[in-house]
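Sequence lines set the chain letters: A, B, ... in the order given, protein chains first and strands last, and positions in each chain run from 1. Here the structure is a predicted model, which means the values were calculated and not measured.
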Amino acid sequence: MSKSDIVSEWFHQYSHDVYDFLVYYTGNRDVEDLVQEVFIKAIKGLKTFKQQSSPKTWLFSIARNVAIDDARKRNRKKLVLTSELDDMLKVDQDQMPENLIDLNEKRKELYIAIHSLKPNYRDAVVLRGLKELSVAETAAVLDWKEEKVRTTYYRALKALRKKRGGVEDE
Amino acid sequence: MSNHDDFEQLERELRQFPKNELREKDFQEIHQNVVEFANQYEKLEGKNRWMKRIVGGIGSIAAVLIFTFITISLVSEDGQTAKEHGQNETRMDKSGEKQNNEDQTIEPSMDPRIATIKETLSDFELPEKGRMNPEEAQEHIQGYTNADDLIVYENGFVINEKKKRVTSVIHFDGPNQSPVPKGTQALAFFKTLVGADLSEHAVLNGSVSIGEDIPEIDDDIRRYMEDYAKTYNSNHNAVGGWHDIESNMERDLSLIERVEKPLKNYKVLSDWLQEAKSHYLKAQELGIENWEAAYNEYRKATHMFNDLANALQSNHKMENPLIQYKVGRTDEITLESFVTTTAENLQPDSEYLSNQSKETAIFTLAHSTIRYINNFHEDVQRLGMTEDFDEWRQISEDIVRSGGKGEEFQELMKKFEAKVKDISASM
């Protein structure tokens with residue numbers, strides 16, 4: 001079984017999912033190059049792929065890293081403080097570019113709220129909420145313990161609700 | 001609106017976000033680029049391997065000399081060093097996750113191909129088309145305790161929706177007309193076969209090996225087969241021998257035939273299946289005249305099915321699968337350390353339990369008990385605790401069979417804990 005056979009099979013099974021994840025993770029629809037990069041990295045790292053991770057969660061974790069690296073590259077010029085790293089993947093309502101994902105007003109508002117969350121909340125909401133990964137899968141992608149996924153996701157939902165003007169936290 | 005309702009509403013909204021897909025043109029283009037890169041990368045790796053061998057050949061001579069020098073120095077300075085080091089290597093840590101500096105993981109890294117097939121056989125939707133309506137279905141599944149989980153298809157397949165395994169096949173067109181699975185029914189059917197018929201293998205001595213590799217050819221087998229071959233043509237009704245293996249292969253090939261066509265859509269799985277099939281066909285072609293080569297081909301096919309069956313066995317819908325519980329290589333674990341670690345993991349304040357639910361922990365520990373307990377057979381006998389360990393294994397098997405759910409599982413959990421505690425205290 002050659003590398004190309006394996007990756008070809010994975011591409012057929014997961015490329016749309018990886019693309020969808022990258023779109024929501026970056027807020028940009030033009031992420032085809034990133035999809036390609038994900039699979040190239042998968043080929044290079046195939047030896048390190050073990051049973052601990054399913055191909056899907058492994059590809060998602062690569063995709064997340066690729067998206068973060070890409071954001072770093074794009075923001076390198078304006079990067080002054082390390083703390084700005086956290087803000088790189090935020091989507092600003094005032095700077096919604098044309099190629100940003102096409103959503104109706106209500107969803108756009110929710111989506112912007114998601115991207116205004118702190119990074120680990122955002123990770124949990126995109127993976128658990130939008131991509132509907134299980135707790136175990138999310139834990140595998142983020143290299144977290146499952147308990148952390150549950151707690152962070154719960155807190156993220158609370159924060160999201162608050163941002164949307166819902167029930168106040170107790 | 002309550003907190004709970006509020007969260008549910010929010011989650012519903014999140015799930016309703018549209019799904020984005022690559023445009024067909026982009027899909028094709030990226031796919032082609034990726035495949036081309038994989039081919040080039042593989043060629044490059046091939047060249048590098050040769051380079052490493054050449055360099056490694058020279059380097060290894062130096063390494064052997066240095067290693068010899070260091071070993072002699074260590075032993076002469078402190079005769080106990082090596083022994084102590086060995087003891088450290090056998091110790092498992094409390095979490096059951098990390099062993100020592102070396103990779104002592106007993107769960108071998110899974111062949112990416114098996115991992116892909118496992119994913120394919122786990123992550124699929126059963127066909128909507130062809131399902132009987134509930135009233136009609138009820139006629140066929142009356143009496144099933146899990147009837148609510150079953151889908152009855154018009155072509156006769158009865159599939160457990162949760163487990164995605166075939167529970168029964170109804171022959172609507174007569175006993176000799178086996179229904180052909182359609183669409184993803186084939187995945188459910190194949191997955192079921194791998195866990196049943198396709199991992200039960202005839203052995204030359206007339207027994208059946210279930211999920212375990214059949215023995216390699218040794219002097220006993222050779223002697224047996226030499227005698228057997230002399231009378232091959234006149235002992236068609238004999239038990240064991242090549243006849244059993246021929247029948248086994250015929251059965252497996254006919255089962256493969258039923259699924260291979262619908263599985264063609266899943267390239268990795270289909271290629272894997274064709275490879276397994278080719279070993280059977282080769283074995284048939286070689287036949288009794290070349291029984292050693294034929295037996296080895298048969299062995300390769302059965303090994304492939306065992307591999308897949310083992311991979312699928314840990315594929316329960318538990319959120320924390322077996323693979324997260326790692327123990328050191330069996331030849332480096334003692335019976336005592338295995339029991340102690342299991343007992344420690346079950347302590348209420350253990351790190352192991354703090355990482356997961358008790359249900360998941362016990363389900364996982366039961367899995368590893370089945371997997372490793374037989375390695376300590378002689379030690380158990382020496383301790384005179386065969387009965388205790390048999391009971392422990394039986395409870396573990398029942399836990400795995402329960403799928404980690406239901407009232408029975410809750411009872412078994414208590415038994416498991418009690419038995420581990422009991423054994424640990426007696427050692």
Go through B/Thr116 and A/Gln13 one step at a time and tell me if the side-chain contact (heavy atoms from CB on, under 4.5 Å) criterion holds. CA-CA 10 Å; B/Thr116 305; A/Gln13 284 191 20; 4.3 Å; yes
Starting from the C-alpha separation in whole Å, work towards a yes-or-no answer on side-chain contact (heavy atoms from CB on, under 4.5 Å) for B/Arg23 and A/Glu32. CA-CA 9 Å; B/Arg23 287 181 289 265; A/Glu32 292 82 0; 3.1 Å; yes
Is the distance between the ring centroids of B/Phe27 and A/Tyr19 less than 6.0 Å?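 Centroid separation for B/Phe27 and A/Tyr19: 6.0 Å or greater.
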Rounded to the nearest 0.5 Å, how far does [atom2] of [Y] lie from [atom1] of [X]?
X        : Y        : atom1 : atom2 : value
B/Glu119 : A/Tyr14  : CD    : OH    : 3.0 Å
B/Lys19  : A/Leu130 : NZ    : CG    : 7.0 Å
A/Leu157 : B/Glu8   : CG    : CD    : 11.0 Å
A/Glu9   : B/Arg113 : CD    : CZ    : 11.5 Å
B/Arg15  : A/Arg128 : CZ    : CZ    : 9.5 Å
B/Lys267 : A/Asp5   : NZ    : CG    : 4.0 Å

For a quick test of reading the model, state the closest non-hydrogen atom pair linking B/Pro18 to A/Asp20 and the distance between them.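 Smallest interatomic distance, heavy atoms only, reads O-OD1, 4.0 Å.
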Identify the heavy atoms of B/Gln16 and A/Arg107 that sit nearest to each other, and give their distance.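 Scanning both residues completely, I find the closest heavy atoms to be O-NH2, 3.0 Å.
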Any sub-3.5 Å donor-acceptor pair from A/Arg29's side-chain atoms to B/Asn20's backbone N or O?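 Answer holds: no.
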Parallel, tilted or perpendicular, judged at 30° and 60°: which one describes the rings of A/Tyr111 and B/Phe17?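 Rings of A/Tyr111 and B/Phe17: tilted, 30 to 60°.
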So, do [X] and [Y] sit near enough that their side-chain heavy atoms are less than 4.5 Å apart?
X        : Y       : result
B/Ile30  : A/Phe11 : yes
B/Tyr266 : A/His12 : no
A/Leu110 : B/Leu10 : yes

Criterion side-chain contact (heavy atoms from CB on, under 4.5 Å) on B/Asp26 and A/Val35, from CA distance to verdict: CA-CA 10 Å; B/Asp26 293 328; A/Val35 173; over 6 Å; no
Below 4.5 Å from any heavy atom of chain B, which atoms of A/Gln36 appear? Answer side chain, backbone, both or neither.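 Both parts, backbone and side chain.
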Proximal component of A/Ile114, with respect to chain B [non-hydrogen, under 4.5 Å]: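 For A/Ile114, the contact with chain B is made by the side chain alone.
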Atom CG of B/Asn265: over 12 foreign heavy atoms under 6.0 Å: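 Counting neighbours around CG of B/Asn265, more than 12 heavy atoms of other residues, nucleotides or ligands fall under 6.0 Å, so yes.
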Before you tell me yes or no, could you show the steps for A/Phe39 and B/Phe37 under ring pair (Phe, Tyr, Trp, His ring centres under 6.0 Å), namely the whole-Å CA-CA distance, both residues' side-chain angles and the distance that decides it to 0.1 Å? CA-CA 10 Å; A/Phe39 283 89; B/Phe37 178 82; over 10 Å; no
